[in-house]
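What follows is a short report on a single structure.
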Amino acid sequence: MRPQENLCHVVQPILRWGMVLSLLLMFTGMLMGLVIGVEDTNVVPLRDIPSGMLDLDPPAFLTAGLVLLIATPLARVLGALCVFLGEKDHKFVLISLTVLLMVVAAVLLGAA
Amino acid sequence: MDVLTLLLIAVLCTSAGAIGALMGIGGGLIIIPLLTLGFGITMQEAIGASLVGVIATSTGAATKYVKQGLTNIRLALFLEMSTTAGSIAGALVAVYTNQVVLLLLFSLLMVYAGYSMLRRTELLFTPEDMAAEAQIVDLSCRYVDPRSSCEIDYGVGGLRKGLAYSSVAGMLSGLLGVGGGLVKVPVMNVCMCVPLKAAMATSNFMIGVTALTGAIIFYGHGFLNAYLCAAVALGVFAGAYIGTLLMAKYSSEQIRTAFALLLFVVALSMVIKAFGLWGGA
């Protein structure tokens with residue numbers, strides 16, 4: 001049996017900080033929406049997030065939180081991949097790469 | 001959408017988060033009908049919000065489950081390969097299939113899975129028992145049961161079967177938009193001899209990765225409603241935390257019965273949907 005400690009030490013902080021930061025951003029966006037009023041409800045494109053946040057635009061904060069949340073599953077696979085690379089666990093390097101490839105393929109197929 | 005509605009949605013979504021985190025399922029089964037039937041939100045916006053909710057369930061609960069060692073990360077990645085492949089295949093052929101037949105097949109599968117879960121009590125194999133399987137890929141793991149504080153070492157078997165069934169699970173979720181966790185948990189528990197709580201936590205870890213694809217596509221097309229998604233995510237996060245507490249409170253056998261009942265209820269709702277009596281599920 002192989003211990004999972006190394007994996008947990010890398011993956012757990014990714015999950016926790018992903019959750020905490022996205023919660024903070026979404027909560028801020030919600031509060032600002034409460035004060036300013038809920039008008040535009042659509043998500044903001046990735047490149048407009050920084051300028052939107054500087055303009056104190058609530059959807060920009062909400063979108064930043066959502067993007068961060070959506071990124072956590074990707075980050076956990078990448079984190080695991082780094083651990084496997086460090087442990088020279090070739091089988092699982094291959095397995096994590098396959099998962100990442102499948103995700104990319106699915107996104108490309110869906111976007112087409 | 002006014003503030004009160006958003007607040008109500010967040011509060012109601014805690015139930016989806018709690019059940020999802022406890023059972024290792026996404027909660028889309030609860031979120032989508034809740035939003036479409038309860039609040040008259042369009043199907044597209046509801047699906048987008050539900051994808052975000054699934055990721056929130058997964059991330060929120062996995063924070064705790066990974067720490068407890070309940071999540072078997074290697075097993076999750078191993079099965080995720082075939083699940084994503086299956087879901088791509090499913091999405092590609094979805095247009096050519098008959099939804100009514102699929103729904104009926106899926107409900108039959110749910111009833112069978114529920115029956116096998118009920119018939120079986122926890123079967124545990126030590127890593128040594130599964131040494132032959134571990135030659136292919138070693139997925140054995142150790143966790144501390146949050147209820148009894150017992151340390152449990154277990155081996156994982158049935159690798160080929162597990163891969164085959166999770167590709168079917170992925171395909172069905174690609175075809176019907178539901179059913180990832182509902183199939184993964186019985187597959188891991190019944191076919192691969194993974195202890196129930198570990199199977200649920202591992203499934204919880206996987207559904208986040210499965211929902212990721214859909215969420216990226218929806219975001220790319222601008223189909224996500226920022227306020228709605230954030231309300232769902234905030235509610236689900238709170239619920240997921242409650243779910244992890246429930247996992248520590250109840251025994252595997254109690255959760256097993258509840259899961260089997262859930263499978264039967266979902267099967268019934270699928271049959272009803274197949275005959276066009278209800279627009280939800």
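Values reported hereafter were calculated over all heavy atoms of this structure, with side chains retained and with hydrogens, waters and symmetry mates removed. Below, chain A is the first sequence line, B the second, and so on; all start at residue 1.
Of the two parts of B/T71, only the backbone, made up of N, CA, C and O, holds a non-hydrogen atom closer than 4.5 Å to a non-hydrogen atom of chain A. Both the backbone and the side chain of A/L46 come within less than 4.5 Å of a heavy atom of chain B. If you measure heavy-atom distances from A/P13 to chain B, you find no contacts under 4.5 Å at all. With a threshold of 4.5 angstrom between heavy atoms, A/F61 does not approach chain B through any atom at all. Heavy atoms of B/V209 lying under 4.5 Å from chain A belong to its backbone as well as its side chain. Neither the backbone nor the side chain of B/A211 has a heavy atom closer than 4.5 Å to any heavy atom of chain A. The parts of B/F205 that come within reach of chain A are both its backbone and its side chain, each placing non-hydrogen atoms under 4.5 angstrom from that chain. Using a 4.5 Å cut-off between heavy atoms, B/I73 touches chain A through backbone and side chain atoms alike. For B/F237, the part lying under 4.5 angstrom from a heavy atom of chain A is the side chain only. In this structure, chain B has a heavy atom under 4.5 Å from the backbone of A/V44, while its side chain stays farther away. For chain B, the nearby part of A/L66 is the side chain; its heavy atoms alone come within less than 4.5 Å. When heavy atoms are compared at a cutoff of 4.5 Å, B/L7 does not approach chain A at all. For a residue to count as touching a neighbouring chain, one of its non-hydrogen atoms must lie under 4.5 Å from one of that chain's; by this rule A/L62 touches chain B with the side chain only.
At least one donor-acceptor pair under 3.5 Å links the side chain of A/S22 to the backbone N or O of A/M19.
A/T28 places none of its side-chain heavy atoms less than 4.5 Å from the side chain of A/L25. Using a 4.5 Å heavy-atom cutoff, the side chains of B/L35 and B/I9 are in contact. Here the side chains of B/L75 and B/M192 are in contact, with some heavy-atom distance below 4.5 Å. In this structure, B/L139 and A/F92 have side chains that are in contact, with non-hydrogen atoms separated by less than 4.5 Å. Using a 4.5 Å heavy-atom threshold, the side chains of B/M206 and B/M188 count as touching. B/V183 is not listed as a side-chain neighbour of B/Y165, based on a closest heavy-atom distance of 4.5 Å or more. Between A/I95 and B/M81 there is a side-chain heavy-atom pair separated by less than 4.5 Å.
Ranked by heavy-atom pairs under 4.5 Å with chain B, the list A/Q12, A/R16, A/K91 is led by A/Q12. Comparing B/N225, B/T84, B/L234 by heavy-atom pairs within less than 4.5 Å of chain A, the highest count is held by B/N225. Most heavy-atom pairs under 4.5 Å with chain B: of the set A/L69, A/I14, A/L74, A/T72, this distinction falls to A/L69. With chain A as partner, the option from B/T63, B/D2, B/I88 having the largest number of non-hydrogen pairs under 4.5 angstrom is B/T63. Of the residues considered (B/L51, B/L92, B/N72, B/L228), B/N72 shows the highest number of contacts with chain A, using heavy-atom pairs under 4.5 Å. Chosen from A/T98, A/V77, A/V104, A/I70, the residue pairing most often with chain B at heavy-atom distances under 4.5 Å is A/I70.
When all heavy atoms of B/Y227 and A/G29 are compared, the closest pair comes out as CE2-O, 4.4 Å. Considering every non-hydrogen atom in both B/T57 and B/G20, the closest pair reads CG2-C, 3.7 Å.
Residues meeting the salt bridge (charged side-chain N to carboxylate O under 4.0 Å, His left out) test with A/E5, sequence neighbours left out: none.
Sparse packing is recorded around NZ of B/K161, with 12 or fewer heavy atoms of other residues, nucleotides or ligands lying under 6.0 Å away.
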